[in-house]
Amino acid sequence: MNEDLHRPSFTPAPARAVLETARYRMRQWATREVLAPIADSVLHPSPWRIRALGACTLVGHPLAYLIWVFWLPQPYENLFLRVLMALCGAALLAIGAATRSPPGRAAAIGLLALFWLTLPWFFTWMYFCNSGSPVWLASMAAMLLVYYQLTDWRLATVGTSAGMLVAWLAFANFGPEVRPVAPGVEAVNGVVLACCWFMGIVLGVSTSNLRREQLNSTLDTMGIVAHELRTPLATMQLIGEALRSEAPEHGGENRERLEQLAERLNNLVRNMNHQIDMQMTNARLMRLAANAERLSAADLVQRAIANYPFRSSRERQCVVVRVYSDFHFLGSQKLFSQVIDNLTKNALRSLAAAFSASRPGDLLIEIGAQGPRGRIVFTDNGVGMEPELQARIFQPFFSTDRGTGHGLGLAFCQRVIQAAQGTIRVKSARHHGAVFTVELPVA
């Protein structure tokens with residue numbers, strides 16, 4: 001492996017294990033009930049919206065300045081702030097063009113900061129500085145609806161509250177002198193903005209729920225289809241058993257041929273049933289079980305490889321497992337076995353597409369620990385992938401295998417690993433294989 005790995009030097013006490021299990025269950029609950037809904041935007045990638053907002057911000061602010069200064073003059077305008085907002089629009093354009101979807105952590109934080117600055121903060125500041133004029137009342141109402149459509153409604157609610165508060169404090173301490181607000185206007189404006197805010201929340205919640213329902217419906221359909229395939233496979237298995245039982249009645253080459261056909265048919269049924277199990281588990285992407293078990297990484301990998309339905313003995317021989325030092329972590333045995341299966345399947349598919357005879361070690365699985373973190377590393381000598389694909393392979397329904405891939409395997413792996421407070425990352429280059437590194441906290 002790239003780093004020196006060593007076995008952890010301590011064994012947790014029973015009380016510590018119980019505490020870790022409780023923490024794991026809490027993290028699972030938080031991931032499933034709190035973070036998963038916020039991640040709906042990740043399951044609904046739309047980088048073009050970022051670029052569209054950037055273009056509107058870049059062009060719109062200078063245009064608005066000209067309109068509100070020369071055509072329909074407003075009580076307050078600020079050229080410096082307009083230029084600053086236009087530069088923020090240019091930054092949104094750059095991030096939207098360069099970032100992957102879903103964006104990385106740094107890009108996501110930058111986007112949220114730019115959204116917050118250009119929408120709730122700026123519009124609220126201008127609203128106060130213009131004494132709540134009809135122009136800026138309408139602008140605030142539009143801003144609220146746009147902000148809630150750009151991001152998750154929870155983040156938008158927090159961002160709007162914080163932006164309005166900071167803008168009000170800035171206005172109270174540094175704002176210009178403004179004309180008094182007419183009696184009753186402030187109350188009317190407050191009611192209008194409250195209604196718009198409420199509608200923004202309602203639309204955001206309904207949109208989020210609709211996306212989740214659509215995704216769950218798609219995943220349920222995939223699971224049902226996979227399950228229904230078991231019926232013809234059961235028939236195929238019966239045919240294989242019938243061929244095997246008929247073989248002794250024939251002699252010589254016919255008997256040998258019937259036994260080979262029966263064996264091939266049974267292997268095919270076993271492989272297909274294994275694939276169906278994988279698809280049905282992957283289809284539970286949004287409903288992962290919260291089981292917390294203390295798992296051995298070495299035992300997990302070795303069992304998964306021993307039970308994997310390889311298509312041939314040569315394919316099995318190309319997989320080499322090396323255990324530098326075992327480590328234990330908290331997770332679900334069933335789900336993490338599926339993670340190992342998915343990563344193994346993808347690596348073998350990449351090797352099969354490399355158009356070269358496989359050799360032992362073409363898929364190397366290394367297990368080791370370094371301090372409080374353990375690693376499971378999959379290194380294959382397959383076809384690899386371009387950088388732009390690496391940025392998207394963990395998206396649901398995105399697959400580098402356009403022929404048979406459904407795009408759920410790696411998304412499933414990422415969710416399972418993140419629920420256990422781990423990470424998964426990939427390094428690859430075209431025609432130079434790929435390295436998938438799973439890193440987990442040692443229990």
Side-chain angles (χ1 to χ4, degrees), residues 41-42 44-130 132-153 155-164 166-168 170-171 174-176 193 196-197 200 203-204 207 387-388 391-392:
S41 57
V42 172
H44 175 63
S46 49
W48 66 268
R49 294 198 302 173
I50 299 173
R51 295 194 291 270
L53 179 66
C56 291
T57 303
L58 178 62
V59 176
H61 280 285
L63 182 61
Y65 178 82
L66 295 176
I67 292 174
W68 302 140
V69 170
F70 300 106
W71 185 20
L72 302 171
Q74 295 299 304
Y76 173 83
E77 261 300 333
N78 189 308
L79 179 59
F80 172 77
L81 284 181
R82 289 293 186 180
V83 172
L84 179 61
M85 294 303 107
L87 292 176
C88 289
L92 284 171
L93 267 176
I95 294 177
T99 192
R100 62 194 184 191
S101 177
R105 180 176 299 178
I109 293 174
L111 288 171
L112 290 175
L114 290 170
F115 291 161
W116 181 85
L117 185 64
T118 58
L119 291 171
W121 181 87
F122 174 78
F123 278 78
T124 305
W125 165 266
M126 296 297 289
Y127 172 82
F128 284 132
C129 291
N130 283 279
S133 67
V135 166
W136 282 101
L137 175 62
S139 299
M140 282 286 289
M143 177 275 295
L144 287 169
L145 296 178
V146 170
Y147 194 35
Y148 273 86
Q149 289 303 307
L150 277 173
T151 185
D152 179 81
W153 66 271
L155 298 176
T157 301
V158 173
T160 301
S161 303
M164 288 182 171
V166 172
W168 178 79
F171 172 76
F174 310 107
L193 291 178
C196 291
W197 199 347
L203 290 174
T207 301
E388 56 269 21
R392 302 181 61 193

Donor-acceptor contacts, no H, no angles, side chain residues 143-150, under 3.5 Å, sequence neighbours left out:
from : atom 1 : to   : atom 2 : distance (Å)
Y148 : OH     : T157 : OG1    : 2.8
Y148 : OH     : W197 : NE1    : 2.6

TODO: Please round to the nearest 0.5 Å and tell me the distance separating atom CG of L119 and atom CE of M85.
DONE: 9.5 Å
Open item on the list: Could you check whether any side-chain N or O of W116 sits under 3.5 Å from a backbone N or O of G159, counting only pairs where one atom can act as donor and the other as acceptor?
Closed with: yes
Open item on the list: Do T124 and F171 have side chains that approach each other closer than 4.5 Å (heavy atoms only, starting at C-beta)?
Closed with: no
Open item on the list: As an exercise, state the distance from OG1 of T118 to CG of L84, rounded to the nearest 0.5 Å.
Closed with: 10.0 Å
TODO: Compare every heavy atom of A86 with every heavy atom of L58, then report the nearest pair and how far apart it is.
DONE: CD1-O, 3.3 Å
TODO: Kindly give the heavy-atom pair with the smallest separation between F128 and M164, and that separation in Å.
DONE: CE1-O, 4.4 Å
Open item on the list: Would you compute the distance between atom NE2 of H61 and atom CZ of F122 and round it to the nearest 0.5 angstrom?
Closed with: 5.0 Å
Open item on the list: Checking Y127 now: which residues fulfil ring pair (Phe, Tyr, Trp, His ring centres under 6.0 Å) with it, not counting sequence neighbours?
Closed with: none
TODO: Can you see which heavy atom on R51 is nearest to which on L93, and at what distance?
DONE: O-CD2, 3.3 Å
- [ ] Any chance you could measure L112, atom CG, to L117, atom CG, to the nearest 0.5 Å?
- [x] 12.5 Å
Task: side-chain contact (heavy atoms from CB on, under 4.5 Å) evaluation trace for I95 with L114 - done: CA-CA 10 Å; I95 294 177; L114 290 170; 3.9 Å; yes
Open item on the list: Whether the side chain of N78 engages the backbone of L81 through a donor-acceptor N/O pair (distance < 3.5 Å, no angle test) should be reported.
Closed with: yes
Task: Distance, nearest 0.5 Å, that separates CE of M126 from OG of S139 - done: 9.0 Å
Task: Closest contact, heavy atoms only, L92 versus G54 - done: CB-CA, 3.7 Å
- [ ] Please report the closest heavy-atom contact between N130 and P75, naming both atoms and the distance.
- [x] OD1-CD, 3.3 Å
Task: Heavy-atom pair of closest approach, residues W125 and G175 - done: CH2-CA, 3.8 Å
TODO: Hey, could you give me the CZ/CD distance between F70 and E77, rounded to the nearest 0.5 Å?
DONE: 10.0 Å
